[in-house]
Amino acid sequence: MTRERVAVLLMAYGGPDRLDDLPAFLLDVRHGRPYSPELLADLTERYRAIGGRSPILERTRAEALGIERALQEYATEDGVDYRVYVAMRHWHPFIREVVPEILRDGVDRLVAVVMAPHYSRMSVGAYLARLNEALRDHQATVPVHAVESWKDEPEFIAAWVDRIAAALRAVPETERSRTLLLFTAHSLPTRILDWGDPYREEILTSVRLVAAHFPEYEWRFAFQSQGASEEPWLGPTVEETLDELAAAGVARVLLVPIGFVCDHVEVLYDVDIAHKEYALSRGIVLERPAMLNDHPLLCRAIANAVRRTLRAARVGVG
């Protein structure tokens, strides 16, 4: 019996390979809108501080290898030949650059996964829109099935529990019980609330599931990495939350960027440099667990979400 050929497309934000890429990268992020020299200078310094480039592509490719290995364990059972591809939304390899490769390979179905666990029309929806545009450009008829959210996949929760537990073990025993867990995710403009967008509740679902494994620790949630636009963004911010915690006498915080899965500028700069410095100015020691990156549990979580989405599609549910 011939196996069905299924392409799994992992889509991530993308980032510059070198500082010289930043003008073109920023222009794509802003959909061609002009930007100020000050914004470019600020972004340049952020990337310079983390080594002059983004590691997001190599991290996503490592995740792809792990996910493909996990899927291949079920290839015979599922009657599927799985192949995992990687594309970026705002940099090379762009989604539009990877779609022709997928089509040339003659796949029977495509399962799309955004490497962000929590659905929002503004974030996950934008990736799927770019994928649909690329498919239309090639007049492709391959069925596409989207994993829109994987916020509560058990292995995703377990991966964060593993990372947090390891980080807490590294805290001096005398300080461990006084550590507060601060979960964060990327902020979005508040106008998503007018759409009834589920983003905030999606994140809090993950937070509550992870926090339940650490009942002896107090926790908070805040939004980080607000954009440069003047419109209002979701809060509370990390800075506002750290101010509140400092006033309450909290001296140690473990910041858990649960809205992200791998090392990139919002973690390596916003958390490791900016938030750590801000916390220290308020008398708080701020640390974070290692990111999930290609943690085997994360890879299995996404593989399971892919298989679930594919099963639903085959019976006409999704």
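Below, all heavy atoms of this structure are taken into account, side chains as well, without hydrogens, waters or symmetry copies.
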Any chance the side chains of Ser206 and His118 put a donor and an acceptor closer than 3.5 Å? yes

Would you sort out whether Arg308 and Asp78 count as a salt bridge (Lys or Arg N to Asp or Glu O under 4.0 Å), showing the intermediate values? CA-CA 11 Å; Arg308 185 185 67 248; Asp78 296 347; over 6 Å; no

Pair Thr76-Arg3, side-chain donor/acceptor within less than 3.5 Å: yes

Suppose the criterion is ring-ring contact (aromatic ring centres under 6.0 Å, His included): which pairs have a residue in residues 6-38, not counting sequence neighbours? Tyr13-His90

Hey, does the Lys NZ or Arg CZ of Arg220 hover above the aromatic six-ring of Phe183, less than 6.0 Å from the centre and inside 45° of the axis? no

Can you tell me which residue among Leu10, Val84, Val8 is in a side chain to side chain contact (heavy atoms under 4.5 Å, CB included) with Glu68? Val84

Mind checking what makes side chain to side chain contact (heavy atoms under 4.5 Å, CB included) contact with Ser229, not counting sequence neighbours? Glu231, Trp233

Students should find that the hydrophobic cluster of Leu297, defined by side-chain heavy atoms under 4.5 Å apart, otherwise consists of none

Gap separating the OG atom of Ser187 from the CD atom of Glu266, nearest 0.5 angstrom: 11.5 Å

Without placing hydrogens or testing angles, list every side-chain donor-acceptor pair under 3.5 Å for residues 130-140, not counting sequence neighbours.
{"unit_1": "Arg130", "atom_1": "NH1", "unit_2": "Asp28", "atom_2": "OD2", "d": "3.2"}
{"unit_1": "Arg130", "atom_1": "NH1", "unit_2": "Arg89", "atom_2": "O", "d": "2.6"}
{"unit_1": "Asn132", "atom_1": "ND2", "unit_2": "Leu128", "atom_2": "O", "d": "3.2"}

To the nearest 0.5 Å, what is the distance between CD1 on Ile56 and CH2 on Trp91? 14.0 Å

Show which residues join Leu180 in its hydrophobic cluster (side-chain heavy-atom contacts under 4.5 Å, direct or indirect), or state none. Leu182, Val238, Leu242, Leu245, Val250, Val253, Leu255, Val271, Tyr278, Ile284, Leu286

Supply the atom-to-atom distance Ser36 OG to Leu39 CG, rounded to the nearest 0.5 angstrom. 5.0 Å

Approximate separation, where rounding is to 0.5 Å, of His213 NE2 and Ile157 CD1: 7.0 Å

Do the side chain of Arg30 and the main chain of Pro34 share a donor and acceptor less than 3.5 angstrom apart? yes

Is the backbone N or O of Tyr119 less than 3.5 Å from a side-chain atom of Ser123, with the two atoms forming a donor-acceptor pair by type? no

For Leu280, which fellow cluster members are found when Ile, Leu, Val, Met, Phe, Trp and Tyr are connected by side-chain heavy-atom distances below 4.5 angstrom, either directly or through intermediates? none

Would you call Asp197 and Arg121 a salt bridge, using N to O less than 4.0 angstrom? no

Between Asn293 and Glu63, do the side chains contain a donor N or O and an acceptor N or O under 3.5 Å apart? no

Atom CZ of Arg282 and atom CD of Glu239: how far apart are they, to the nearest 0.5 Å? 9.0 Å

Electrostatic pair Arg83-Asp105, nearest N-O below 4.0 angstrom: yes

Using 4.0 Å as the upper bound for N to carboxylate O, is an ion pair formed by Glu216 and Arg176? no

Side chains of Asp152 and Thr205 only: does a donor on one sit below 3.5 Å from an acceptor on the other? no

